[in-house]
A.B. asks: 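Dropping the structure in here first, questions after.
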Amino acid sequence: MTPIAHTELLNWYSVNKRKLPWRDTQNPYPIWLSEVILQQTRVDQGMSYYLRFMENFPDIHQLANASEEQVLKLWQGLGYYSRARNMHATAKYISQNLNGIFPGSSVELAKLKGIGPYTAAAIASFAFHEAVPVLDGNVFRVLSRLWDEDSAIDSTQGKKRFQLLAFESLNLSYPHLHNQAIMELGALVCKPKNPDCPNCPIQTWCMAFKADTVSMRPVKAGKTKVKNRYMHYFFMENGKSFLVAKRKAGDIWQGLFDLPEISFDAQPSDSQLTQAFQNLNSELKQVQLFSHFVYESIHLLSHRRLFARFYHLQFEGEVPGIHGFELVELEKLTRLPASRLFEKFQKNYILQERKQE
DNA sequence: AAAACGGGGAG
DNA sequence: CTCCCAGTTTT
């Protein structure tokens, strides 16, 4: 980019930038918090979470001293929950080992859990004005068009190429403003679909605009394949309490509370389901109530379809315990971190059932 | 290098 | 429905 293009971009930014609470500060804590929340997450979606985290944990020590359940509870609904766990771990590390002081360079920042190349560059440039370019989805798109670059942004080779372009495009006088501006341009003007080229401040320098290839940029190699998962949930209750457990590591929604559940890659037969259900716990051999389900939902994820069926098992007296699951009062149901399917079930089935009573 | 990991909005 | 979002970690 030419010095004039840099100036045009910054002028555009100063006029058109959104007012965001984590801007106009050099305190790395709110910057870091916002960057982690905004990983693969739109500003509109992450905003309320950012505000809630800042309210509950105004500084890194308070976040560090929180329990993992508190953190996950606040994160509930945002997705990619490992972000919350990594963020919590990093807060503890900085609070306890670094006296609450963030590392001062992108190289050092990138060594922390949950901080990769993008977030390290973002914090380093926004908080410390380090001359390092950020490379997120917006920047990939803007650069691919600006330079009419046809390397795939999701290939190793392509990433190296864009890293080079990003350094060449960086405004060394105002790296922090440049990074903010180029991302903002990608979000507001140089959008994936229907980019607003007529109002683009750097249209003059855009190679793809000149070549009329804007709609073909960026190039992606990856193909998104969708996998199905058939989940069978058991809402086991006696009118007072029901069974829940924390989901285990190595699977979706780890660390969140959920109902007893059995999953298959393909729709199981009744006998397979019966067998799997009984395997949950030997005590349940005589409990065979799932000839029908009471509620069904489909949950669409990025590369997965979850088909969920819920079976309502009512007991008089004690609910049979299952290994790993514990009894929770019905009234405490909404105060637990919960999987999305559990939430949906609560909303569409449990609450309706109660209303009828 | 590829897969896993969420949820929501836009087209 | 597909694509993408202020990506990172694990396999």
Side-chain angles (χ1 to χ4, degrees), chain A residues 17-18 20-23 30-50 72 75-87 89-90 109-126 133-142 144 152-160 162 166 176 178-188 190-195 215 217-227 229 247 249-256 298-306 337-344:
Chain A
K17 66 178 177 184
R18 293 169 287 184
L20 302 175
W22 48 84
R23 282 182 178 158
I31 293 172
W32 166 66
L33 182 59
S34 70
E35 292 304 337
V36 174
I37 286 175
L38 293 176
Q39 287 166 4
Q40 292 290 282
T41 305
R42 289 205 173 76
V43 169
D44 291 341
Q45 189 187 356
M47 177 66 78
S48 65
Y49 286 85
Y50 169 82
L72 277 177
W75 199 272
Q76 182 185 333
L78 236 200
Y80 284 154
Y81 297 92
S82 62
R83 289 183 292 172
R85 289 191 303 277
N86 286 332
M87 185 178 79
T90 291
L109 284 164
K111 295 176 180 173
L112 301 172
K113 284 185 181 176
I115 298 184
Y118 164 76
T119 305
I123 299 172
S125 73
F126 301 159
V134 295
L135 216 35
D136 75 331
N138 290 308
V139 179
F140 275 115
R141 188 169 55 255
V142 172
S144 74
I153 62 173
D154 54 349
S155 70
T156 305
Q157 283 299 311
K159 285 194 173 78
K160 286 167 74 174
F162 278 92
H176 58 299
H178 174 90
N179 281 336
Q180 296 270 13
I182 197 167
M183 285 195 287
E184 195 79 334
L185 187 72
L188 301 183
C190 198
K191 297 173 290 188
K193 302 284 167 61
N194 304 324
S215 64
R217 302 284 178 266
V219 172
K220 281 191 78 172
K223 51 273 166 214
T224 48
K225 44 190 166 185
V226 177
K227 285 171 73 176
R229 177 164 171 172
R247 294 191 64 96
D251 197 4
I252 194 172
W253 300 320
Q254 91 179 67
L256 298 198
I298 301 177
H299 199 63
L300 284 150
L301 276 53
S302 300
H303 28 269
R304 215 199 278 270
R305 278 190 211 92
L306 306 181
S339 77
R340 299 297 285 173
L341 287 180
F342 186 176
E343 289 175 27
K344 218 166 170 178

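Hydrogens, waters and symmetry mates are skipped; everything else that's a heavy atom, side chains included, is used. It should be emphasised that the depicted structure is a prediction, and the values quoted were computed from it without experimental measurement.
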A.B. asks: Considering residues at least two apart in sequence or located in another chain, which fulfil the ring pair (Phe, Tyr, Trp, His ring centres under 6.0 Å) criterion with A:Y49?
C.D. replies: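 Testing A:Y49 for ring pair (Phe, Tyr, Trp, His ring centres under 6.0 Å), a comparison that skips the adjacent residues, returns none.
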A.B. asks: Tell me, please, which residues at least two apart from A:H299 pass ring pair (Phe, Tyr, Trp, His ring centres under 6.0 Å).
C.D. replies: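 Here no residue qualifies.
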A.B. asks: Contact class for A:S155 vs. all strands (heavy atom < 4.0 Å): base, sugar-phosphate, or nothing?
C.D. replies: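 Nothing, no heavy atom under 4.0 Å.
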A.B. asks: With the threshold set at 4.0 Å, does a side-chain nitrogen-carboxylate oxygen contact exist between A:D251 and A:R229?
C.D. replies: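 Salt bridge: yes.
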A.B. asks: Answer yes or no: is there a side-chain heavy-atom contact under 4.5 Å between A:Y80 and A:N86?
C.D. replies: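 No, side chains not in contact.
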A.B. asks: For A:R23, report the nucleic acid contact type (base, sugar-phosphate, nothing); a contact means any heavy atom under 4.0 Å.
C.D. replies: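 The answer is base, as A:R23 lies within the cut-off (heavy atoms under 4.0 Å) of a base atom.
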A.B. asks: Over all strands shown, is A:I153 touching base, sugar-phosphate only, or nothing at heavy-atom distances under 4.0 angstrom?
C.D. replies: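 No contact.
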A.B. asks: In chain order, what residues pass the ring pair (Phe, Tyr, Trp, His ring centres under 6.0 Å) check against A:F140, with sequence neighbours excluded?
C.D. replies: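 In terms of ring pair (Phe, Tyr, Trp, His ring centres under 6.0 Å), with neighbours along the sequence ignored, A:F140 is linked to A:F162.
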A.B. asks: Is A:W22 touching bases, backbone alone, or none of the nucleic acid, heavy atoms closer than 4.0 Å?
C.D. replies: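 Touches a base.
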A.B. asks: Can you check whether A:K227 has a side-chain N or O nearer than 4.0 Å to OP1 or OP2 of B:dA3?
C.D. replies: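 Negative; the distance criterion is not met.
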A.B. asks: On DNA chain C, reading 5' to 3', which nucleotide is the first and which the last to sit with an atom under 4.0 Å from a heavy atom of chain A, could you check?
C.D. replies: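 Span of nucleotides near chain A: C:dC1 to C:dT9.
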A.B. asks: Can you tell me if A:K344 uses its side chain to pair, donor with acceptor, with the backbone of A:I298 under 3.5 Å?
C.D. replies: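 The answer is yes, because a donor-acceptor pair under 3.5 Å joins these two groups.
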A.B. asks: Given the P atoms of C:dT8 and B:dG9, what is the spacing between them in whole Å?
C.D. replies: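 Approximately 24 Å lies between the P atom of C:dT8 and that of B:dG9.
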A.B. asks: Would you mind writing out the side-chain donor-acceptor pairs for residues 31-40 of chain A within the sub-3.5 Å range, not counting sequence neighbours?
C.D. replies:
| unit_1 | atom_1 | unit_2 | atom_2 | d |
| --- | --- | --- | --- | --- |
| A:S34 | OG | A:P30 | O | 3.3 |
| A:S34 | OG | A:I31 | O | 2.8 |
| A:E35 | OE1 | A:Y118 | OH | 2.7 |
| A:Q39 | NE2 | A:G114 | O | 3.3 |
| A:Q39 | NE2 | A:T119 | OG1 | 2.9 |

A.B. asks: Using the P atom as the point on both nucleotides, what is the distance between C:dA6 and B:dA4, in whole Å?
C.D. replies: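 Between the two P atoms, the distance is 25 Å.
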A.B. asks: Along nucleotides 5-11 of chain B, 5' to 3', which nucleotides get a B, which get an S, and which get a -, given that the test is a protein heavy-atom distance under 4.0 Å?
C.D. replies: BBBBB--
A.B. asks: Select base, sugar-phosphate, or nothing to describe what A:N179 touches, counting heavy atoms under 4.0 Å on all strands.
C.D. replies: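 No contact.
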A.B. asks: I'd like to know if the side chain of A:R23 and the backbone of A:R18 have a donor-acceptor N/O pair within less than 3.5 Å.
C.D. replies: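 Here the side-chain-to-backbone pair exists.
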A.B. asks: Let me spell it out: for each of A:P117 and A:P192, pick the nucleotide of DNA chain C with the closest heavy atom. Which residue's pick is nearer the 5' end?
C.D. replies: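 Going by which nucleotide is closer to the 5' end, it is A:P192.
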A.B. asks: Heavy-atom count around A:K191 NZ within 6.0 Å, excluding the residue itself: above 12?
C.D. replies: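 Above 12, so yes.
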